[in-house]
Number of protein chains: 4
Amino acid sequence: MNESIGHNSEPVEAFAKEQLRSIIERVERLEEEKKTISDDVKDVYTEAKGNGFDVKALRTIVRLRKMNAGDRAEAETILDTYMHALGMV
Amino acid sequence: MNESIGHNSEPVEAFAKEQLRSIIERVERLEEEKKTISDDVKDVYTEAKGNGFDVKALRTIVRLRKMNAGDRAEAETILDTYMHALGMV
Amino acid sequence: MNESIGHNSEPVEAFAKEQLRSIIERVERLEEEKKTISDDVKDVYTEAKGNGFDVKALRTIVRLRKMNAGDRAEAETILDTYMHALGMV
Amino acid sequence: MNESIGHNSEPVEAFAKEQLRSIIERVERLEEEKKTISDDVKDVYTEAKGNGFDVKALRTIVRLRKMNAGDRAEAETILDTYMHALGMV
DNA sequence: ACTCCAATACTTTAGC
DNA sequence: GCTAAAGTATTGGAGT
């Protein structure tokens, strides 16, 4: 039992086309949401700046906190080693 | 040596500390949301791949469509651009 | 109603066109050179990696050294302040 | 004068230190060159501006031309892309 | 594991 | 001087 001959001459492709459309739309919807949130982040920093905070330092803090304790320690060890070797202490 | 009547010896700094904490937490919350959405995007592509779609091509389509509002318009006005550049306005 | 006796019917525009061409070519030449150097930088890091160095740390070193002593000290002070406030010491 | 027993307690590290120094210096030298060229590009645009050209438009032209090898080809094959995405290869 | 490319984030510059 | 935009650098992920 197939979906009969001829009502639709390209059933498979039509289906795939619908799938494609759906995929693209879902992705685009999600990326819009992401953009909204990115803008929210910007707003937070802008407001912080207005309250006298140093935005660059704030971003650094967020970045440091994102590393877990172990990774951060390791990264700092390597860095210290290199800095000592170069007399940057 | 104290600023105002001393119930709290560092009222300003304490306030700033709270502000700082709040800023960082808001940013971190937002970035978590962003990560969630990024993962959702990945899921969409993974599912698409399971249905036989070429993920790289899908990403290309999304990228080209994103360009289109701005860059397509820009490309269409390239002649104008040249004319302006030549002072033929 | 044309400008001067007709050896060239659009002398001004032709001149501007030549200028334009020259500008574009000079810029493109310079950007090629820049790309070459960027690739050289990449090569240095790749070689360093092959010798067991941590490339990310190396990049951090270069970035730190680029800041002058004063700026770096200031940046570190702000950062320390924030980190202490957040108990990240 | 050999690095075996005891004349030098850290021969490997000393060697690494020299390597490190060399890497950093090479990178810094290359980045200086890059900066010089970037400044040259700026000069070209500044001079162009002095001759009445619209710098923003010039930058647009350069950017569009840079796109053309890759992206124009990509745009031209967008139908192919869709077909692949639909498994109509 | 490693290379390559796309995506994000940061920096600097131009315009209001 | 500040906001907006471009260009540049770094990071992460996908494919081999």
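By convention in this document, chain letters (A, B, ...) are assigned in the order of the sequence lines, proteins followed by strands, and residues within each chain are numbered from 1. Only this structure's heavy atoms are used, side chains among them; waters, hydrogens and symmetry mates stay out.
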Task: Residues which pass side chain to side chain contact (heavy atoms under 4.5 Å, CB included) with B/D40, listed by chain and number, not counting sequence neighbours - done: A/L30, B/T36, B/D43
- [ ] Give the minimum heavy-atom separation between C/A85 and B/R21, together with the two atoms involved.
- [x] O-NH2, 3.3 Å
TODO: Grab the CG-P distance between A/D54 and E/dT11 for me, whole Å please.
DONE: 10 Å
Task: Rounded distance (Å) that lies between atom C1' of F/dA9 and atom CG of D/L30 - done: 15 Å
Open item on the list: Side chain of B/R63, heavy atoms from C-beta onward: which of F/dT10, E/dC10, E/dA7 has the nearest atom to it?
Closed with: E/dA7
Task: side-chain hydrogen bond (donor to acceptor under 3.5 Å, both in side chains) partners for A/E31, two or more places apart - done: B/K66
Task: C/K34 vs B/R59, nearer the 5' end of DNA chain F by closest nucleotide - done: C/K34
TODO: Can you tell me which residue pairs pass the side chain to side chain donor-acceptor pair (under 3.5 Å) test with a partner in residues 49-63 of chain C, sequence neighbours excluded?
DONE: none
- [ ] For F/dG15, take OP1 and OP2 only and decide whether either is under 4.0 Å from a side-chain N or O of B/K49.
- [x] yes
TODO: Measure the distance from CG on B/L58 to P on F/dG15 and round it to the nearest whole Å.
DONE: 11 Å
Task: Protein-nucleotide distance (C/I37, atom CD1; F/dT8, atom C1'), rounded to Å - done: 15 Å
Open item on the list: For D/V55 and B/E31, find the nucleotide of DNA chain E closest to each by heavy atoms; which residue's nucleotide sits nearer the 5' end?
Closed with: B/E31
- [ ] Sequence neighbours left out, what passes side-chain hydrogen bond (donor to acceptor under 3.5 Å, both in side chains) with A/K35? Give chain and number order.
- [x] A/D39
- [ ] Would you mind classifying the nucleic acid contact of C/K66 as base, sugar-phosphate or nothing, using non-hydrogen atoms under 4.0 angstrom?
- [x] nothing
Open item on the list: In this structure, how many angstroms lie between the C1' atom of E/dC10 and the CG atom of C/L64, rounded?
Closed with: 15 Å
TODO: Would you kindly give the NZ-to-C1' distance between B/K35 and F/dG13, to the nearest whole Å?
DONE: 11 Å
- [ ] Return the minimal non-hydrogen interatomic distance between D/F53 and C/A16, and the atom names on each side.
- [x] CZ-O, 3.8 Å
Open item on the list: Using OP1 and OP2 only, check whether a side-chain N or O of A/K56 sits under 4.0 Å from E/dT11.
Closed with: yes
Task: Those residues that, when tested against D/R29, pass side-chain hydrogen bond (donor to acceptor under 3.5 Å, both in side chains) (two or more places apart) - done: D/E33
- [ ] Using a cut-off of strictly less than 4.0 Å between a heavy atom of the residue and any atom of DNA chain E, enumerate the qualifying residues of residues 38-48 of chain D by number.
- [x] D/K42
